[in-house]
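For reference, the structure discussed in these notes is given below.
FYI, side chains are in, hydrogens and waters are out, and symmetry mates aren't considered; it's all heavy atoms of this structure. Since the model is a prediction, treat every value here as computed from it, not as a measurement.
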Amino acid sequence: MKDKTTILIIVTYGILLSAVSILLNDIREFNFSQFEEFQNWAKTADKNEHWFTTKNAIKWSFYAISAGLFFWRAYLLYAFTYFISILKEIEKGNYFSTKNSGYFKKIANIFIYYTINVLILRFLLASIGKSSFNFLQEFKSEFTFLIPCGLAFYILAEVFERAKKSEEENELTI
């Protein structure tokens, strides 16, 4: 079992590193030259115009929302580090530890928070006119599997907690 767990840890590290490299490449390709324009916003803005309707505010919103999307993608990758922690606990022989059930709950929270927040941010991007947004189309993509996965991890956490209780009760009866 230890050999299989080690292989799973190596595979998880490989997936995690490739996903991080893709995220870093996307960040590198993002147009950060816009930030220079935002630094001069106060000097060029028309003080009589409402801030929310100005062209600079819309540009700033796009920039901030895009940065938020990068954050949430990184946060989703952070969830995969918990898989490594779970595998290390299993490698030690602690199958039904309270740590594992806690890790499953954390993964579930991250999956659900990610899905909700990315949907909100994509809707905001569409509302400022920088992207197209179709709620049903977005929900058919990656989101259709993240929410059920999050719920499944909540169930797994509960199963692991009950298994831990059963294991403790069995140790007391022997």
Side-chain angles (χ1 to χ4, degrees), residues 1 4-32 34-35 58-92 94-166:
M1 179 70 178
K4 292 178 183 178
T5 308
T6 306
I7 291 170
L8 285 173
I9 290 172
I10 291 169
V11 167
T12 306
Y13 271 122
I15 292 170
L16 191 60
L17 287 174
S18 64
V20 167
S21 69
I22 291 169
L23 176 64
L24 290 175
N25 186 48
D26 289 348
I27 291 172
R28 184 184 59 81
E29 289 178 355
F30 186 70
N31 186 8
F32 282 108
Q34 294 176 352
F35 189 69
I58 292 172
K59 284 183 181 179
W60 178 253
S61 298
F62 171 71
Y63 183 76
I65 291 169
S66 297
L69 288 171
F70 287 133
F71 166 78
W72 284 108
R73 284 177 59 195
Y75 192 56
L76 183 64
L77 292 177
Y78 175 67
F80 288 98
T81 62
Y82 287 117
F83 285 117
I84 295 169
S85 301
I86 291 168
L87 290 171
K88 287 184 179 182
E89 280 294 312
I90 290 172
E91 192 174 46
K92 292 177 190 174
N94 302 329
Y95 299 102
F96 302 114
S97 70
T98 54
K99 286 182 180 180
N100 280 348
S101 62
Y103 293 146
F104 282 125
K105 283 181 183 177
K106 288 178 182 178
I107 292 169
N109 285 335
I110 290 171
F111 279 11
I112 291 172
Y113 292 154
Y114 170 84
T115 304
I116 292 168
N117 286 300
V118 168
L119 275 173
I120 290 169
L121 289 175
R122 286 190 180 172
F123 174 75
L124 290 173
L125 268 179
S127 68
I128 63 172
K130 291 290 184 176
S131 73
S132 61
F133 180 82
N134 181 346
F135 185 77
L136 294 175
Q137 188 65 26
E138 292 292 332
F139 223 73
K140 280 196 246 179
S141 63
E142 62 191 88
F143 302 114
T144 52
F145 99 96
L146 282 179
I147 288 181
C149 281
L151 296 174
F153 281 119
Y154 275 128
I155 293 168
L156 236 107
E158 185 65 28
V159 167
F160 270 58
E161 286 175 5
R162 291 190 183 192
K164 178 68 175 170
K165 287 179 187 175
S166 296

Task: Inter- and intrachain pairs under salt bridge (Lys or Arg N to Asp or Glu O under 4.0 Å), touching residues 101-115, at least two apart - done: Lys105-Glu161
TODO: Can you measure from CD1 (Ile112) to CG (Asn117) and round to the nearest 0.5 angstrom?
DONE: 12.0 Å
Open item on the list: By the definition ring pair (Phe, Tyr, Trp, His ring centres under 6.0 Å), identify the one residue from Tyr103, Tyr78, Phe153 that meets it with Phe83.
Closed with: Phe153
TODO: For Gly68 and Leu121, work out which heavy atoms get closest and say how close.
DONE: C-CD1, 3.7 Å
Task: OH-CZ distance between Tyr95 and Phe160, expressed to the nearest 0.5 angstrom - done: 10.5 Å
TODO: Please tell me if the side chains of Arg73 and Ile22 come closer than 4.5 Å, counting only heavy atoms from C-beta onward.
DONE: yes
Open item on the list: Could you measure the distance from the OG1 atom of Thr6 to the CG atom of Leu87? Nearest 0.5 Å is fine.
Closed with: 9.5 Å
TODO: Mind listing the closest non-hydrogen atom pair of Phe80 and Thr12 along with its distance?
DONE: O-CG2, 4.1 Å
- [ ] Please report the shortest heavy-atom distance between Ile107 and Ala79, naming the atom on each side.
- [x] CG1-O, 3.7 Å
Task: From Asn109 atom CG to Tyr75 atom OH, the distance as rounded to the nearest 0.5 Å - done: 7.0 Å
- [ ] Kindly compute the distance separating CD1 (Ile86) from OG1 (Thr5), expressed to the nearest 0.5 Å.
- [x] 12.5 Å
TODO: Would you indicate whether the side-chain heavy atoms of Tyr82 and Ile110 approach each other to under 4.5 Å?
DONE: yes
- [ ] Could you check if a side-chain atom of Val118 sits within less than 4.5 angstrom of a side-chain atom of Leu69, using non-hydrogen atoms only?
- [x] yes
Open item on the list: Rounded at 0.5 Å granularity, tell me how far CD1 in Ile9 sits from OG in Ser85.
Closed with: 9.5 Å
Task: Centroid separation Phe111 to Tyr114 less than 6.0 Å - done: no
- [ ] Check the pair Leu16, Thr81 against side-chain contact (heavy atoms from CB on, under 4.5 Å), reporting the backbone distance first and the verdict last.
- [x] CA-CA 8 Å; Leu16 191 60; Thr81 62; 3.7 Å; yes
Task: Those residues that, when tested against Glu89, pass salt bridge (charged side-chain N to carboxylate O under 4.0 Å, His left out) (two or more places apart) - done: Lys92, Lys99
- [ ] Using a cut-off of 6.0 Å, state whether more than 12 heavy atoms not belonging to Tyr154 lie near its atom OH.
- [x] yes
